[in-house]
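Structure, as structure tokens:
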Amino acid sequence: MSGTGTSTLDAVALTDRIAAIATDRKAVDIRVIDLRGIVSYTDFFVICSGNSERQAKAIQDAVYRQLKDEEGLLPRRVEGEREARWILLDYLDCVVHVFTPEAREYYRLEQLWGEAPARSLG
């Protein structure tokens, strides 16, 4: 497991944990994109939406806090948390993208990775 901290989660377990936290925070349209063998910088994307900037920030806060407190994991970087329209948390093996609906529609990240295996969770 790459990343910081002492977690024993592998990439799949980390991805599932992040998706579960997002679900608990009422994230919508959660998608997991499997990028193993497609890119070298990460194994998975977790993409989800909050219905507002406030909810997107709450999802990001929950993922950050729970992985830190329960797994000892900190993201390598966090971007976009001030504007909260597209927040990125980079956990190396898994990159989390939390969007507002408008930003998600604009950036269409799922379409960019359309060849990659994906699953919807909510």
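Given the structure is predicted, the values throughout are model-derived calculations rather than measurements.
Here the CD1-NE2 distance, from I33 to H97, works out to 8.0 Å after rounding to the nearest 0.5 Å.
Scanning both residues, A56 and V98, for their nearest heavy atoms gives O-CG1, 3.6 Å. A118 approaches R31 most closely through the heavy-atom pair CB-NH2, 3.2 Å. Looking at every heavy atom in both residues, E115 comes nearest to L112 through OE1-O, 3.8 Å. Minimum interatomic distance between I18 and C94 (heavy atoms only, all atoms of both residues): CD1-SG, 3.8 Å.
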Between D29 and R104, does the side chain to side chain contact (heavy atoms under 4.5 Å, CB included) criterion hold? Intermediate values first, please. CA-CA 10 Å; D29 196 15; R104 189 166 179 174; 3.4 Å; yes
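Under the side-chain contact (heavy atoms from CB on, under 4.5 Å) criterion, P117 pairs with D34, I38, sequence neighbours left out. By the side-chain contact (heavy atoms from CB on, under 4.5 Å) test, E53 is found to be paired with A84, R85, T100, residues two or more places apart in sequence or in another chain being considered. Scored by the side-chain hydrogen bond (donor to acceptor under 3.5 Å, both in side chains) test, T15 finds no partners at all (sequence neighbours excluded). Applying the ring-ring contact (aromatic ring centres under 6.0 Å, His included) test to F44 and every residue at least two apart in sequence or in another chain returns nothing. Every residue meeting the side-chain hydrogen bond (donor to acceptor under 3.5 Å, both in side chains) condition with E79, not counting sequence neighbours, appears here in chain and number order: R77. The side-chain contact (heavy atoms from CB on, under 4.5 Å) search around R54 returns S52, not counting sequence neighbours. In terms of the side-chain hydrogen bond (donor to acceptor under 3.5 Å, both in side chains) criterion, W113 has no residue partners (sequence neighbours excluded). For the side-chain hydrogen bond (donor to acceptor under 3.5 Å, both in side chains) test, residues two or more places apart in sequence or in another chain that qualify with R108 are E105. With sequence neighbours left out, the side-chain contact (heavy atoms from CB on, under 4.5 Å) criterion links T23 to I30. Among residues two or more places apart in sequence or in another chain, the ring-ring contact (aromatic ring centres under 6.0 Å, His included) test is passed with Y107 by W86.
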Output a table of donor-acceptor pairs, distance under 3.5 Å, between side-chain atoms of residues 58-67 and any protein atom two or more places apart or on a different chain; print 'none' if there are none.
from	atom 1	to	atom 2	distance (Å)
Q60	OE1	K57	NZ	2.9
D61	OD1	K57	NZ	2.8
Q66	OE1	R17	NH2	2.9

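In this structure, the side chains of R36 and V12 come closer than 4.5 Å at one or more pairs of heavy atoms.
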